[in-house]
S.K.: 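This is the structure I want to talk about, given as structure tokens.
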2 protein chains.
Amino acid sequence: MKEVEQLLESKQIRITAMRLLIYKFLAEKEVAVTLSDIENAFAKADRTTLYRTVKTFEDKGIVHQIDDGTGITKYALCEKGCNCEIETDLHLHFHCNNCNETVCLTEHKIPQIKVPNGFVSENVNLVVKGICDKCSA
Amino acid sequence: MKEVEQLLESKQIRITAMRLLIYKFLAEKEVAVTLSDIENAFAKADRTTLYRTVKTFEDKGIVHQIDDGTGITKYALCEKGCNCEIETDLHLHFHCNNCNETVCLTEHKIPQIKVPNGFVSENVNLVVKGICDKCSA
DNA sequence: AAATTAAGTGCAATGGAAGTGCATTTTTAG
DNA sequence: CTAAAAATGCACTTCCATTGCACTTAATTT
């Protein structure tokens with residue numbers, strides 16, 4: 001667990017029990033989670049705390065937000081080398097219409113998208129929907 | 001206006017004054033609109049009616065929904081040949097971070113996206129964010 | 001054309017998620 | 001150990017999406 005503490009410290013995030021727990025929770029999940037998911041996992045904690053914790057993680061760049069089209073924002077840990085800030089380094093997300101889970105396909109980069117003259121691309125959000133590997137098996 | 005009525009009839013949508021007006025409104029707009037936008041344009045009408053009208057249009061395939069990441073769903077008329085249902089014929093959307101408007105880039109098709117083994121792609125949502133032509137000028 | 005049925009419309013209310021203000025506790029720094 | 005800063009918890013608020021029910025309008029049947 002020392003690693004996690006070091007990571008948080010390196011990002012200038014104070015270490016609290018809550019934060020370690022939430023980090024651990026996110027790390028264990030291999031899918032993107034909603035705030036409600038976290039809420040259910042930590043029923044004793046307050047929604048606001050969880051909300052702000054995730055937001056802190058996001059601000060500090062250890063979590064990225066995912067808009068998979070369900071209308072509910074989801075979160076996932078940034079992996080090593082996930083430079084969310086850099087527009088050219090965005091991976092895509094896959095949303096399963098069956099189990100409703102969303103996963104990061106980190107190794108799949110988003111191809112360069114051409115836009116018409118006059119348009120300036122700063123950011124790209126790409127969500128593929130369909131059936132995930134677990135559900136199609 | 002006969003054209004519109006014919007279009008609605010061909011899609012098995014009953015013709016009402018409200019629907020003609022809303023269709024006209026959408027047709028005039030070259031950007032995707034929110035429910036609030038429609039609401040403002042038709043202050044006399046009820047939100048629910050507008051909501052359901054748009055939903056009807058959507059169900060019948062003459063309007064498509066756009067999730068541009070602002071958290072508010074937007075709507076735009078499907079253009080001729082906009083087969084929203086068909087996965088391979090999806091165009092992309094551009095959201096301007098400056099004026100907050102979202103436009104369909106109908107002529108820009110989404111490139112084929114590869115997904116890992118076991119995943120089945122049914123649908124792709126691609127939103128490019130940046131500065132639109134009007135704002136960058 | 002009148003009556004019956006079906007669909008559309010309006011009003012009121014609900015629900016869910018996101019976000020804010022403030023008091024209290026915990027952690028860090030002097 | 002004490003003062004300051006940050007984190008947490010509680011109570012609200014807001015905004016958009018959605019639904020139930022009554023009422024009106026349009027379509028169909030006799």
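So you know, we letter chains A, B, ... as the sequences are listed, proteins then strands, and number each from 1.
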S.K.: What integer distance in Å separates A/Ile15:CD1 from C/dA29:P?
M.R.: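 Value for this atom pair: 12 Å.
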S.K.: Quick one: does any side-chain atom of A/Thr49 pair with a main-chain N or O of A/Ala45 as donor and acceptor, under 3.5 Å?
M.R.: no
S.K.: Please give, in whole Å, the distance from C/dT9 P to B/Leu50 CG?
M.R.: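 Result: 9 Å.
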S.K.: Rounding to an integer number of Å, can you tell me how far A/Tyr75 OH sits from C/dA18 C1'?
M.R.: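 After rounding, the reported distance stands at 8 Å.
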S.K.: Between D/dT18, C/dA18, D/dG9, which nucleotide gets closest to the side-chain atoms of A/Thr49?
M.R.: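 Looking only at heavy atoms from C-beta outward on A/Thr49, the closest nucleotide is D/dG9.
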S.K.: What is the distance from CG of A/Asp59 to C1' of C/dG19, rounded to the nearest Å?
M.R.: 14 Å
S.K.: Quick one: does any side-chain atom of B/Arg19 pair with a main-chain N or O of B/Arg14 as donor and acceptor, under 3.5 Å?
M.R.: yes
S.K.: Is A/Arg19 close enough to D/dA7 that one of its side-chain N or O atoms is under 4.0 Å from OP1 or OP2 there?
M.R.: yes
S.K.: Taking the six-membered ring for Trp, are A/His91 and A/His93 closer than 6.0 Å centroid to centroid?
M.R.: yes
S.K.: Looking at C/dA6, C/dT9, D/dA6, which one has an atom nearest to any side-chain atom of A/Arg14?
M.R.: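 Closest of the options to the side chain of A/Arg14: D/dA6.
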S.K.: Would one find a side-chain N or O of B/Thr34 under 4.0 angstrom from OP1 or OP2 of D/dC16?
M.R.: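 No, no such contact exists.
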S.K.: What is the separation between atom CD on A/Gln65 and atom C1' on C/dG19, rounded to the nearest whole Å?
M.R.: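 Between C1' of C/dG19 and CD of A/Gln65: 13 Å.
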S.K.: OP1 or OP2 of D/dA7 sitting under 4.0 Å from any side-chain N/O of A/Thr53?
M.R.: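 False: A/Thr53 side-chain N/O out of range (4.0 Å or more) of D/dA7 OP1/OP2.
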S.K.: Let me know the distance between CD of B/Glu9 and C1' of D/dA27, rounded to the nearest Å.
M.R.: 13 Å
S.K.: Phosphate oxygens OP1/OP2 of C/dT9: is one of them under 4.0 Å from a side-chain N or O of B/Thr48?
M.R.: no
S.K.: Answer yes or no: does a side-chain N or O of A/Tyr51 lie under 4.0 Å from OP1 or OP2 of C/dA18?
M.R.: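 The answer is no; no side-chain N or O of A/Tyr51 sits under 4.0 Å from OP1 or OP2.
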S.K.: Out of C/dT9, D/dG9, D/dA17, which nucleotide sits closest to the side chain of B/Ile72?
M.R.: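 Closest nucleotide to the B/Ile72 side chain: D/dA17.
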S.K.: Are the aromatic rings of B/Phe42 and B/Phe25 close, with centres under 6.0 Å apart?
M.R.: yes
S.K.: Can you measure B/Gln12 atom CD to D/dA27 atom C1' for me and round it to whole angstrom units?
M.R.: 15 Å
S.K.: Can you tell which of C/dG8, C/dG10, D/dC12 lies closest to the side chain of B/Arg52?
M.R.: C/dG10
S.K.: Establish, with yes or no, whether the OP1 or OP2 oxygen of D/dC16 is under 4.0 angstrom from a side-chain nitrogen or oxygen of B/Thr73.
M.R.: no
S.K.: Calculate the interatomic distance between B/Asp67 atom CG and D/dA17 atom C1'; express it in whole Å.
M.R.: 14 Å
S.K.: Mapping B/Asp46 and B/Ile13 to their closest nucleotides on DNA chain C, which lands nearer the 5' end?
M.R.: B/Ile13
S.K.: Output yes when a side-chain donor or acceptor of B/Asp59 lies under 3.5 Å from a complementary backbone atom of B/Thr56, and no otherwise.
M.R.: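 Flag not set: sc B/Asp59 to bb B/Thr56 has no pair under 3.5 Å.
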